[in-house]
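Below is one structure, written out as structure tokens, with a few remarks after it.
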Amino acid sequence: MSILSLNDVTVAFPDGTSRITALDRVSLNAHAGEMTYLVGESGSGKSTLLSVAAGLTRPDSGTVTVADQELTAMKDTAAARLQSIGFIFQQANLISSLNVAEQLLVTDHVRGLRGAKLRARRDRANEILARVGLAGLGDRRMQQLSGGQRQRVGIARALMGEPKLLLADEPTAALDAERSRDIVELLSAIVADSDVACVFVTHDRSLIGIGEAPPRVIEVADGAVKDVAAVS
């Protein structure tokens with residue numbers, strides 16, 4: 001089942017008196033239960049593609065659909081992101097004053113959840129922390145965690161909204177080889193066990209194919225999808 005669909009998407013940015021084409025009529029799909037890896041040189045268009053998939057950048061032409069919602073037909077895509085999309089960043093971007101559990105619950109506090117609803121969300125936070133290997137660490141502060149553990153907190157936070165699409169922007173770039181493999185194995189297991197699709201941007205091709213979920217590799221070069229290959 002296709003969770004993300006880009007159809008003939010073009011994005012160009014102004015550059016003085018001209019425009020630079022960042023994505024040139026790109027079409028691709030990311031499917032539930034599958035790890036889709038975006039690979040390519042810096043400046044090839046990977047980050048723009050991820051931004052378009054998230055509804056943060058509106059393409060000049062073409063359509064973007066996530067979980068049956070056409071983002072390009074919406075004036076405001078914030079609700080769709082909250083409902084359907086989880087972000088995993090290169091740096092975990094955690095709030096130093098909050099403990100592990102609070103990192104997952106902070107948006108619920110901002111939304112004003114109280115009482116039974118907030119207790120239910122705390123139960124979900126504990127379930128997710130257990131799923132990512134952080135059971136019992138909800139009270140830990142960020143300075144008490146390793147780099148790999150902090151990235152797992154970032155993954156847990158991305159899962160709090162029960163997303164259909166995970167967008168991972170080089171989440172292992174700051175980790176060593178062993179911790180990088182651990183993170184990819186974890187994400188792959190989550191994807192394989194659910195109806196989630198994951199688009200994973202990386203420069204490290206040795207990470208491709210690690211874990212349970214079927215991998216697909218998408219080569220991006222000069223703003224175009226040059227090659228799409230399944231990995232056996």
Side-chain angles (χ1 to χ4, degrees), residues 3-4 30-40 46-57 66-67 77-78 80-96 98 100-107 124-125 127-134 137 142 145-205 207-213 215-218 220:
I3 299 296
L4 168 68
H31 299 97
E34 184 176 81
M35 291 284 291
T36 300
Y37 295 88
L38 295 185
V39 297
K46 302 188 303 300
S47 294
T48 302
L49 198 158
L50 214 63
S51 181
V52 167
L56 295 170
T57 296
V66 175
T77 59
R81 284 195 296 276
L82 185 63
Q83 178 182 353
S84 301
I85 301 172
F87 296 87
I88 305 166
F89 301 98
Q90 184 174 131
Q91 301 290 337
N93 294 330
L94 303 173
I95 302 171
S96 60
L98 301 182
V100 169
E102 289 167 344
Q103 305 288 342
L104 277 61
L105 294 167
V106 63
T107 57
R124 174 163 175 76
E127 291 172 4
I128 293 174
L129 289 174
R131 181 69 181 89
V132 301
L134 297 175
L137 300 185
M142 296 306 99
L145 302 180
S146 68
Q149 286 174 323
R150 287 194 290 270
Q151 198 61 294
R152 285 171 183 262
V153 175
I155 293 170
R157 182 182 56 193
L159 295 171
M160 274 296 286
E162 301 183 64
K164 290 295 186 181
L165 175 66
L166 288 174
L167 299 175
D169 189 6
E170 298 196 63
T172 63
L175 303 177
D176 61 30
E178 181 179 357
R179 289 185 176 88
S180 294
R181 290 182 64 88
D182 288 344
I183 290 298
V184 177
E185 285 180 352
L186 171 61
L187 277 173
S188 185
I190 290 168
V191 169
D193 291 343
S194 65
D195 290 328
V196 174
C198 182
V199 179
F200 189 106
V201 175
T202 185
H203 283 97
D204 187 353
R205 293 174 186 251
L207 299 175
I208 295 170
I210 293 173
E212 303 172 33
R216 174 167 293 276
V217 181
I218 296 180
V220 185

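The model shown is predicted, which means the values in this text are computed figures rather than measured ones.
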Query - side-chain contact (heavy atoms from CB on, under 4.5 Å) between Leu187 and Phe200, worked out - result: CA-CA 10 Å; Leu187 277 173; Phe200 189 106; 3.7 Å; yes
Side-chain heavy-atom pair Thr202, Leu38 within 4.5 angstrom cut-off
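Not touching, per the 4.5 Å side-chain cut-off.
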If you compare all heavy atoms of Arg157 against all heavy atoms of Asn93, which two are closest, and at what distance to 0.1 Å?
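Between these two residues, the closest heavy atoms are NH1-O, 3.1 Å.
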request  = Specify the closest pair of heavy atoms between Gly209 and Tyr37, including all atoms of both residues, with the distance to one decimal.
outcome  =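 Heavy atoms of Gly209 and Tyr37 come nearest at N-OH, 3.9 Å.
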What residues form a side-chain contact (heavy atoms from CB on, under 4.5 Å) with [X], not counting sequence neighbours?
X	value
Ala101	Asn99
Ala192	Glu212, Ala213
Ser51	Leu56, Thr57
Leu134	Leu129, Val132, Leu137, Gln149, Arg152, Val153

Trace of the side-chain contact (heavy atoms from CB on, under 4.5 Å) decision for Arg124 with Leu104: CA-CA 9 Å; Arg124 174 163 175 76; Leu104 277 61; over 6 Å; no
What distance do [X] atom [atom1] and [Y] atom [atom2] have between them, rounded to the nearest 0.5 Å?
X	Y	atom1	atom2	result
Phe89	Gln151	CZ	CD	10.5 Å
Thr36	Ile208	OG1	CD1	11.0 Å
Leu4	Ser84	CG	OG	11.0 Å
Leu145	Gln103	CG	CD	9.0 Å
Met160	Leu82	CE	CG	11.0 Å
Ile88	Cys198	CD1	SG	5.5 Å

Side-chain donor-acceptor distances from residues 165-177 under 3.5 Å, at least two apart:
from: Glu170; atom 1: OE1; to: His203; atom 2: ND1; distance (Å): 2.8
from: Glu170; atom 1: OE2; to: His203; atom 2: ND1; distance (Å): 3.4
from: Asp176; atom 1: OD1; to: Glu178; atom 2: N; distance (Å): 3.3
from: Asp176; atom 1: OD1; to: Arg179; atom 2: N; distance (Å): 2.8
from: Asp176; atom 1: OD2; to: Arg179; atom 2: NH1; distance (Å): 2.7

Exercise. Would you sort out whether Leu186 and Asp182 count as a side-chain contact (heavy atoms from CB on, under 4.5 Å), showing the intermediate values?
Key: CA-CA 6 Å; Leu186 171 61; Asp182 288 344; over 6 Å; no
Check side-chain hydrogen bond (donor to acceptor under 3.5 Å, both in side chains) between Asp193 and all other residues, then give those that pass, not counting sequence neighbours.
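Expected list: Arg131.
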Taking [X] for its side chain and [Y] for its backbone only, find out whether a donor-acceptor pair lies under 3.5 Å.
X	Y	result
Arg216	Glu34	no
Ser188	Val184	no
Lys164	Ile85	no

